[in-house]
Amino acid sequence: MTLRGLTKRYGDDHAVRDLDLEVSEGEFVCLLGPSGCGKTTTLRMVAGFVEPDAGSVVIDGRDLSSVPPHRRPTSIVFQDYALFPHMTVLKNIGYGLRTQRVPDTEARRRVGAMLELLGLENLGDRYPNQLSGGQQQRVALARSLVTEPKVLLMDEPLSNLDAKMRIRLRTELRQLQKRLGLTTVYVTHDQEEALSMADRIAVMDRGELQQYATPHELYHHPANRFVADFIGLNNLLPARCDLVRGGEVLLRLDDGQAVTAAEDARGHVPAPGDRVLLSMRPEDLTPAPRDEPAGAAGSAGSANRISGKVVGHQFLGALSRYLVRVADQDVLVDEYDTTGPGTAGEITLTVPASRIRIFPDS
Amino acid sequence: MTAVAPRPPRVRPAPPGRASRAARRLVREPVTLAVTLFIAAVLIVFVLWPTVNVFLRPDAEHWSRFLGSARMWDVARNTAVMTLLSTVSATALGFLFAYALSRPDIPGKPFFRIMSVLPLVSPPFVIGLSLILLFGRRGLVTYELLGLNLDVYGLPGLWAVQTMAYYPVAVLVLTGVLRRQSPALEWAGRDLGHGWWGIFRTVTLPLAVPGLASAGLLVGMYVLADFGNPLLVAGSYRVLAVEAYHQVVGTFDLGMAAVLCVALLVPTGLFFWLQRAWLERRSYVTVTGKESTLDPVPTPAPVRGTLFGLLCVVSGFMLLTYASVFAGALTKTWGVNWTLTLQHFEYTLLRAGDLTNSTLYAVVAGFACAVFAVLAAFFIQRRPLVGRGAMDMLAVLPGALPGTMIGIAWLITFHTGPLAITGTALIVVLMMTVRTLPVGYRSGVSALQQIGPSLDESAQDLGSGSLRTFRTVMLPLMRTAFTAAFIYAFVKSINTLSAVIFLVSPGSQLASVSIMGLAEHGYWGEATALAAGLMLVTFAALALFRLLTGGRVKLFEL
């Protein structure tokens, strides 16, 4: 499936602007972004509910621009499931087959197979209001899958479920998708969901595509400040570039401390004198009391040592999270060894040069 | 020198405009286009066209004749006086009635509620009919029992009849308003030192003012447009609706009739518009979303007694009214020979086709109204192609038009010309359908609002086109709205008079129209037997509706 230059305006606002996206067959792609970023509008343009102002949706080499929703080879699972309340589970699942005029015996077989696939065997005669949220979700999925869509669309399908059910269905859904080799576009605002399920994630903000990459790439090599900030926790510290030299960028924080970052081939390379933002993940910063040399990092020559003062501390079980004041900014620091007493007061943070990303400060 | 803005670097085809996109969708979905065109055509031909004709028909001569005639000014003044008096009295009575019904400590409320709804579901002119039976020249009460020779014809009689016929409208509106008032507010008033009267004066009544205004406008609209009662009891006290009728049947002066229609429409339209604007603003919101667990403030015994007395008197009068109609139907010759007889019933039910016609046409119209209303609601609200606002307006417009006006408008439009269908049963059924369309349409729209758009999209997504989506998903979910529209349209159609009176022909005679003729000539037995028959059929239909919906849905608060 290919989206080319997809654009949708509401009045003067761009809901989606000039979106290009390529989804390979059998791929699971997440559209991720804050609410109002255009991900749902994109999905609805693919399904055909929203007419794009420009651009096209192409599936299997066929441009769907002039195809109404009921003739598109897509099927959507809604956030609220949209099960027909006046039909039983069987009727709901069989609905799409009846519209496709699939012969009765064939339809019965396919619906039966679908019930089995999703573990709904005993619920065929129930009505939607007699099902739990998780069961409704499965019925909605079965109803979409049974029509054998070329592309399965899902609009935050797990967001109405409780946390445990969400995690369970997440795994189930992904396994099922892999088994069926189903091309899937999945809209979510939950980054954990996206990171755990997707082959590739398209991060969107204010109608524009920010980065389209694998979860791993996205986390470790965010393309811009928005992605760095949006995916996972991140510290953004303003700094000035002093010098670029032999694969290293020498920088200075606003309080004069020197920091060295490794030049990132995929990242931004500043010129001397540029204002930049340093991005550092909390787990890449290692805290140590000021007078002690930091253990592991002490030996590595490429590690930075940054001074700061602990102003807050949260014990979260698996980790300890510190709020550290560095150059008049608050920095989050995660310490994974929580058996010790923890640190306080003036401390030194160690961070390898290769774990620092640089973005232009605009 | 003018600066030339740099061209945007990206070269893309200009996005197509709104119009061409709409056009593309039309071509893409031919079924939607066809159905939308059908709906638009019906609305234009049967709502817009006749309405416009009423304004186009009269020429300057008609207008100058109307404005220069002292008689017409009398008629206009009569109408205004009658409307003002009846509206005030009916609204006041309705408020007291509704207030009494909203008190928890008044016994027998279910009974009183039914009594207040009866006039809404029976032909409005039965009140006029029974007034003559009870208090007329040969009235049972005035002549037989009291030996008086009273003349009820004229303004006093009309005023009384209109008050009794339309106070239920106020009750209906105000019961809702008073029910929404939180008891906590009254308790707060009491807590701050007020007694019952103080609370009523400073809390209950002021909070009900918007509701009162809304109810008053609605009552005014009905009173102004009413035709049957003035025809029966107003005598020489002419009002606009009756005058327009006489212009048509007496002299067939359609131009003058149209002028009178416009004169009637202006205030009615104003009331309608004001009332809707009012409803939309509904200024005092006393619903907080929190369920109040407080019981209402108890009513002091003397007040309770007075309210109960009022309920009894009004309901007793209503009972008497309906009893007199049934009594009239069973009496040989009212006022002369009081022997009991079944001959009138036998005549009206078995030999005359009027009641059968009324029932049959109302069933067909009810069905047509329900189908069209639900279809129109879906296609106008959910598949808006073009002109959604205009179609929406046309669908509710008949609700603002006085029956007399629509009747005359149709006579003007369909008597000659491309669609000459007067004199057929079809035009009668169509009229019934169009007049009940606004309520059916609105019930369809509000049912749609309960159905999330994702259900609709889901059906499309699974391969259903517009019609199939409508048939397999929307219609089943709107079934209750459909049934409600059907029963409402049936009840209103079987009892309707003011518009169809212009359209019936010997082959398509209706009971309501016959009753008028029979009453005018003093055939009280046949007239009342027909009226009784109408009421029995109506009540049976309502009972059936209750049975069908299991009492889940309230129609006319029943």
Side-chain angles (χ1 to χ4, degrees), chain A residues 4-9 14 17-18 40 43-44 46-56 64-87 91-102 128 140 143-147 149 152-153 155, chain B residues 8-36 382-386 447-448 450-483:
Chain A
R4 234 179 272 132
L6 216 53
T7 299
K8 178 71 194 174
R9 274 184 306 267
H14 277 86
R17 184 197 289 254
D18 203 19
T40 296
L43 198 73
R44 297 166 78 82
V46 175
F49 303 141
V50 172
E51 183 107 353
D53 289 317
S56 56
L64 299 180
S65 299
S66 59
V67 180
H70 63 278
R71 300 205 194 288
R72 293 195 179 198
T74 57
S75 188
I76 188 164
V77 177
F78 289 89
Q79 183 172 1
D80 60 357
Y81 318 134
L83 297 178
F84 304 126
H86 59 299
M87 297 181 192
K91 287 245 167 74
N92 259 290
I93 298 177
Y95 185 86
L97 297 178
R98 282 197 297 280
T99 58
Q100 287 177 0
R101 303 200 198 293
V102 172
R143 189 178 64 177
S144 283
L145 290 179
V146 80
T147 60
L152 179 67
L153 307 172
D155 187 4
Chain B
R10 199 171 284 125
V11 183
R12 291 206 177 277
R18 196 170 290 277
S20 81
R21 245 185 300 137
R24 245 194 310 145
R25 275 195 55 193
L26 293 187
V27 179
R28 219 171 67 173
E29 294 171 45
V31 177
T32 307
L33 174 64
V35 178
T36 308
R382 288 288 171 87
R383 295 287 185 278
L385 292 171
V386 276
L448 269 180
Q450 311 286 316
I451 305 172
S454 61
L455 276 185
D456 179 354
E457 290 171 347
S458 197
Q460 286 183 69
D461 186 65
L462 294 166
S464 289
S466 286
L467 268 187
R468 201 185 146 81
T469 303
F470 176 73
R471 189 168 54 77
T472 58
V473 176
M474 290 304 179
L475 197 55
L477 291 177
M478 294 168 83
R479 206 177 50 211
T480 308
F482 181 89
T483 320

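Letters A, B, ... mirror the listed sequences (proteins, then strands); counts begin at 1.
When heavy atoms are compared at a cutoff of 4.5 Å, A/R98 approaches chain B by way of both its backbone and its side chain. Contact annotation for A/F84: both backbone and side-chain heavy atoms come within less than 4.5 Å of a heavy atom of chain B. Proximity to chain B (any heavy atom under 4.5 Å) is restricted, for A/V67, to the backbone atoms N, CA, C and O. There is no contact between A/L97 and chain B, counting heavy-atom distances below 4.5 Å.
Ranking A/T147, A/L153, A/I76, A/T74 against chain B, the residue ahead of the rest is A/I76, based on heavy-atom pairs under 4.5 Å. Taking B/A459, B/G452, B/S466, B/G463 one by one and counting their heavy-atom pairs under 4.5 Å with chain A, the maximum is reached by B/G463.
Contact annotation: the side chain of B/R382 approaches that of B/M474 to within less than 4.5 Å [non-hydrogen atoms, C-beta and beyond].
Remark: the A/R143 side chain and the B/S458 side chain contain an N/O donor-acceptor pair separated by less than 3.5 Å.
In this structure, A/Y81 has no side chain to side chain donor-acceptor pair (under 3.5 Å) partners at least two apart in sequence or on a different chain.
With hydrogens and angles ignored, the 3.5 Å screen pairs a side-chain donor or acceptor of A/T99 with a backbone N or O of B/L462.
A salt bridge links B/R383 to B/D456: one of the charged nitrogens lies within less than 4.0 Å of a carboxylate oxygen.
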